[in-house]
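When reading the values below, keep in mind they use all heavy atoms of this one structure, side chains included, and skip hydrogens, waters and symmetry mates. Each chain gets a letter, A, B and so on, in the order its sequence line appears, and its residues count up from 1.
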There are 2 protein chains.
Amino acid sequence: MEDFAAVSGISRPTLSKFFNDPGSVRVSTKKRIEEALEKYDYQPNLYAINQNRRLTKNIGVVVPYLSDPFFAKIARVIEDNILETGYKPVLLGSHGRPELEIENLENLRSIKPAGVLLAPLGRASDRAHVDTFCNDVPSVLFDANIDGIGAPFVGSNNEQSVGIMVDYLCRTGEPPTFFEMKSPTNPNAFKRRNAYIASMEALGHEPNLIQAAGEGWEFEEIGFQEGRRVVRGGKLPTNTILCSNDRLAIGFLSAAFEEGVRVGLEPECTLRVAGHDDHPFSRYTCPTLTTVSQDYEAIAKRSVETLFERIEGKTTADSQEETLFDGRLVMRASA
Amino acid sequence: MEDFAAVSGISRPTLSKFFNDPGSVRVSTKKRIEEALEKYDYQPNLYAINQNRRLTKNIGVVVPYLSDPFFAKIARVIEDNILETGYKPVLLGSHGRPELEIENLENLRSIKPAGVLLAPLGRASDRAHVDTFCNDVPSVLFDANIDGIGAPFVGSNNEQSVGIMVDYLCRTGEPPTFFEMKSPTNPNAFKRRNAYIASMEALGHEPNLIQAAGEGWEFEEIGFQEGRRVVRGGKLPTNTILCSNDRLAIGFLSAAFEEGVRVGLEPECTLRVAGHDDHPFSRYTCPTLTTVSQDYEAIAKRSVETLFERIEGKTTADSQEETLFDGRLVMRASA
DNA sequence: ATTAATTCTTTACGCGAGTAAAGTTTTATA
DNA sequence: TATAAAACTTTACTCGCGTAAAGAATTAAT
C-alpha cells in the first residue's frame with residue numbers, strides 16, 4: 001500500500017480511508033485513486049485489514065443444511081441482500097449436527113464478523129452456547145426460533161400459513177389429517193402442529209395426527225417409509241393429508257405413486273396431499289404439490305435489515321422482537 | 001498470545017509452533033499447552049496468523065450452484081475430505097454467473113488459499129481468467145473440465161457411464177433417444193452426447209437426439225417444457241428416453257405424468273426414461289428414476305489428493321493429467 | 001557419564017494495514 | 001476576497017503473530 005501510495009501520488013491514510021469507504025473521500029481524489037487502481041491493480045491485504053479493525057465487513061450466515069434446496073434458496077436471497085449493503089456474506093452449513101453448528105459459530109467468532117444470521121438446528125441446538133454467542137455478536141435468528149435467546153427472530157407466520165391451508169382443504173374437500181414427524185428437530189414443526197389443531201378446532205373438525213417415526217433430516221425418506229405404511233394400512237381418518245413440510249410430502253407422494261394410489265383433485269383420485277414451504281422441487285412432483293409458499297424475499301430482507309439495526313446499535317441488545325411474514329397458498333394439482 | 005505465554009509458562013515462539021502444527025512440539029509440552037488452553041481458553045487471531053503466512057490453511061471450493069443438490073452433495077463430501085487434512089474449506093457458489101465465478105476466484109486470491117478446487121461453469125466460464133488463476137494458485141478442476149487449462153482434472157468417465165446405460169437400455173428394450181439441451185453450458189453434456197452416439201453406433205443402432213431449447217440452469221423447467229412438447233407431439237423415434245442429466249429427467253417425468261403418459265417397466269407403461277448423475281431426488285421421482293451414479297466419494301477424494309500433490313509440489317505445474325471415475329448403473333422403476 | 005541431537009527460551013524484527021495527531025492544502029460559505 | 005470547514009499529507013505508533021538467530025535446557029545415543 002505504501003508503494004501504491006507512492007505511484008498514485010496519494011497518501012497512505014487517505015488510501016486506507018478510501019478502501020474502507022470509497023464515499024468518504026472527495027470525488028476528485030476518488031477518481032484519481034480509481035484510475036491508479038486500473039493501472040497498477042493493487043488490492044489491500046485482507047488479513048492485514050481485518051487485524052486492526054474491531055469489526056470486519058463480514059456477515060456470517062449459518063444454516064442447518066446447505067444441501068437442502070430450501071435453505072440453499074433462502075441463503076441465496078440473504079446473500080444478495082448482504083452484498084447490496086457492501087458487506088461480505090460467509091455461508092456455513094451445519095450438516096444437521098449440533099457440534100458443527102457450534103464449531104461454525106466459533107469459527108465465525110475468530111473472523112470477527114460484524115454480525116451473524118443464524119437459522120438454528122432447533123431442538124438439537126446447544127441453547128446455552130447459541131445464547132452466549134448471540135450476546136457477544138450481533139445476531140438475528142431466522143427460519144427457526146429458539147425461545148429465550150437474546151436475539152430478534154424473523155420467520156414465517158405458521159399460524160397463518162397453516163391456517164389458510166387448512167381452510168382451503170376443508171373448503172374444497174374432506175378436512176386434512178396432519179402428517180408429521182413424531183419428534184421433529186425443527187421448532188417450526190411444533191408450531192405447525194399446534195396451528196393445525198387450532199385451525200381444525202376453529203372449523204369444528206376433529207384434528208388427526210399421523211406421526212412418523214425417525215430422526216434426522218432425511219425427511220423424504222421418512223415421508224416415503226411412513227407414507228407407504230399409511231397408504232398400505234388403508235386406515236386413514238380422511239382422504240386428505242397435510243404434511244408438515246414439502247420434503248415429507250415429496251416422500252409421501254413417491255410412496256403413494258409406488259402403491260398405485262392416485263393423488264390429486266381429479267375424480268379418479270382417492271387422496272389429496274398438501275405440503276408446506278414451496279420447496280423448489282414441489283413444482284415437479286407427481287402430481288405437482290399444493291403447498292404454502294414462505295415469503296423468502298421478505299424474510300431475507302427483513303433479517304438483514306434487523307441485523308443492521310443491531311449492528312448500528314439502534315436496538316437494544318435485549319429487545320427480542322419477532323417478525324413473522326404471512327405465507328401464500330400455492331394451488332397445484334395434488335390438493 | 002504474549003499473555004498466554006506468560007500464564008502458561010511457555011515461550012511465545014513455541015506456542016506459535018504448536019498452533020501451526022501441534023505435532024511439532026514435544027508431547028510433554030504439547031500436553032502442558034493443552035492444559036493451559038483449557039484453563040485460559042485462548043485462541044490465536046486468525047487474521048494476524050494469516051498475514052504472515054505465505055499460504056494459509058484455507059482451501060477454496062468453487063461450484064457453479066450451491067443450491068443444486070448435486071453440487072451441494074459433492075461439495076459436502078469434498079468439505080469432509082479437506083477437513084480431514086487439517087485444512088479449512090471455504091465454499092463459494094457462482095450462481096451460474098461467469099462474473100461471480102471470477103469474483104469468487106479473486107476473493108479467494110485475497111485469502112491466499114493453499115489451493116483451490118474448482119468446478120467451472122463450463123462454456124460460460126471466462127477461460128483466460130480461469131487459466132491465469134490456475135497458474136497462480138495450485139488448483140484442481142473437478143466435475144467439468146475446460147480444455148487447455150493448466151490444471152489437473154478429476155471427474156466422471158462419461159464414455160463409460162453413458163455406455164453402460166445405453167447398453168442396459170438396448171438390452172432390455174428399445175434403444176434410447178437422447179434428450180438434452182441444444183446448447184448446454186456444461187461441458188459434460190457434450191461428452192455425454194458424443195458417448196451416446198458412439199455407444200449407439202457400436203451397437204448398430206441409429207442415434208436420435210432431442211434437443212431442448214432454453215438457456216441457463218433451470219434444467220427441470222426446460223425438461224418439463226420440452227418434455228411436454230415431445231410427449232404431446234407423440235412422434236418419438238423410440239419409446240425410451242435417455243436424459244443428459246437427472247434434472248432434465250425430473251422435469252421430463254413431471255411432464256409425462258401431467259400428460260397421463262405412464263413411464264416405467266410395467267406392461268401398461270408406454271415410455272421408459274433414464275437419467276444421469278443419481279441426483280438426490282431421483283430416488284423420489286414418480287416413478288423412481290433409473291440413472292447412473294457418479295462416484296462422488298472417489299471424485300471428491302481424488303480431487304483433494306491431487307490438489308495436495310500440487311500444493312506440495314510433487315507434480316509439475318503443467319502436468320495436466322485427467323482422472324476419470326466410472327459410473328454405476330442404478331436400476332430403478334423408470335427404465 | 002559424555003556427547004550429540006532435540007527442543008526450548010530469549011531477543012528482535014517484519015508483515016500490511018488501521019488510526020491518531022498535527023500541520024497543510026483545498027473547497028465551500030459569507 | 002477573507003474565513004471557516006473539509007479534506008488531505010506527514011509522522012508515528014499499534015495490532016497479533018510469524019520467524020530467524022543464538023544460546024540454554026532437555027532428551028537420546030554412545
Side-chain angles (χ1 to χ4, degrees), chain A residues 1-37 40-58 86-88 106-114 136 311, chain B residues 1-37 40-58 86-88 106-114 136 311:
Chain A
M1 187 154 169
E2 204 85 51
D3 298 347
F4 181 66
V7 295
S8 65
I10 284 163
S11 73
R12 204 176 61 71
T14 306
L15 286 178
S16 179
K17 244 185 116 191
F18 168 84
F19 285 114
N20 273 315
D21 177 8
S24 67
V25 300
R26 219 181 277 147
V27 274
S28 59
T29 54
K30 183 180 162 186
K31 220 161 138 188
R32 279 173 59 203
I33 296 176
E34 278 164 351
E35 275 164 15
L37 228 40
Y40 301 98
D41 103 301
Y42 153 83
Q43 199 176 355
N45 178 303
L46 200 91
Y47 299 107
I49 290 175
N50 288 326
Q51 171 166 12
N52 294 323
R53 253 214 274 272
R54 178 174 293 278
L55 295 178
T56 68
K57 288 249 179 186
N58 296 329
Y87 280 68
K88 225 189 92 192
E106 288 313 306
N107 281 339
L108 280 177
R109 227 193 201 114
S110 70
I111 276 180
K112 291 192 286 186
D136 296 349
I311 291 174
Chain B
M1 187 153 167
E2 205 84 51
D3 298 348
F4 181 66
V7 296
S8 66
I10 283 164
S11 73
R12 204 175 62 71
T14 306
L15 286 179
S16 179
K17 245 184 114 191
F18 167 83
F19 284 114
N20 273 316
D21 178 7
S24 67
V25 300
R26 218 181 278 147
V27 274
S28 59
T29 53
K30 183 178 163 187
K31 219 159 140 189
R32 279 172 62 202
I33 297 176
E34 277 164 351
E35 275 164 15
L37 227 40
Y40 302 96
D41 103 302
Y42 154 84
Q43 198 176 356
N45 178 305
L46 200 92
Y47 298 107
I49 290 174
N50 287 327
Q51 170 167 14
N52 295 322
R53 253 213 275 272
R54 179 173 293 278
L55 294 178
T56 68
K57 288 249 179 185
N58 296 327
Y87 280 68
K88 225 190 91 189
E106 288 312 307
N107 281 338
L108 280 177
R109 225 191 202 116
S110 71
I111 276 180
K112 290 191 286 187
D136 297 349
I311 291 174

Hits for side-chain contact (heavy atoms from CB on, under 4.5 Å) against A:Ile49, two or more places apart or cross-chain, chain-then-number order -> A:Pro44, A:Arg53

Look for any protein N or O under 3.5 Å of an N or O in nucleotides 11-13 of chain D and output each such pair with its distance, or none.
unit_1, atom_1, unit_2, atom_2, d
D:dA12, N6, A:Arg12, NH2, 3.4

When rounded to the nearest 0.5 Å, the distance separating CZ of A:Arg12 from CG of A:Asp3 is 11.0 Å

Using the 3.5 Å cut-off, write out each protein N or O paired with an N or O of nucleotides 5-8 of chain C and the distance between them.
unit_1, atom_1, unit_2, atom_2, d
C:dT7, O4', B:Arg26, NH2, 3.2
C:dT7, O3', B:Arg26, NE, 3.4
C:dT7, O3', B:Arg26, NH2, 3.4
C:dC8, OP1, B:Arg26, N, 2.7
C:dC8, OP1, B:Thr29, OG1, 2.5

Taking the side chain as C-beta and beyond, is there a heavy-atom pair between A:Tyr47 and B:Thr56 under 4.5 Å? yes

Atom CG of A:Asp21 and atom P of C:dT19 are separated, to the nearest Å, by 12 Å

Across all chains, not counting sequence neighbours, the side-chain contact (heavy atoms from CB on, under 4.5 Å) partners of A:Lys31 are A:Glu35

note: B:Asn50, atom CG; D:dT19, atom P; distance rounded to Å ~ 11 Å

Taken to the nearest whole Å, CG/A:Leu15 to P/D:dT10 is 12 Å

Counting only side-chain nitrogens and oxygens, does B:Tyr42 get under 4.0 Å of the OP1 or OP2 atom of D:dC17? yes

Hits for side-chain contact (heavy atoms from CB on, under 4.5 Å) against A:Lys88, two or more places apart or cross-chain, chain-then-number order -> A:Asn58

Practice item. For the residue pair A:Phe4 and A:Phe19, categorise the inter-ring angle as parallel (less than 30°), tilted (30 to 60°) or perpendicular (more than 60°). Key: tilted

For B:Leu46, the side-chain contact (heavy atoms from CB on, under 4.5 Å) test, sequence neighbours excluded, returns A:Ser110, A:Ile111, B:Asn50

Rounded to whole Å, CD1 of B:Ile49 lies from P of C:dG16 at a distance of 17 Å

Separation of C:dG16 atom C1' from A:Gln43 atom CD, nearest Å, is 14 Å

### Query
So, the side chain of A:Arg32 versus the backbone of A:Gly9: is there a donor-acceptor pair under 3.5 Å, distance only?
yes

Rounded to whole Å, the CG-P distance (B:Asn20 to D:dG16) equals 18 Å

Rounded to whole Å, CG of B:Asn45 lies from P of C:dC15 at a distance of 19 Å

NZ of B:Lys57 to CG of B:Asp21, rounded to nearest 0.5 Å, is 6.5 Å

B:Asp3 CG to D:dC15 P, in whole Å, measures 11 Å

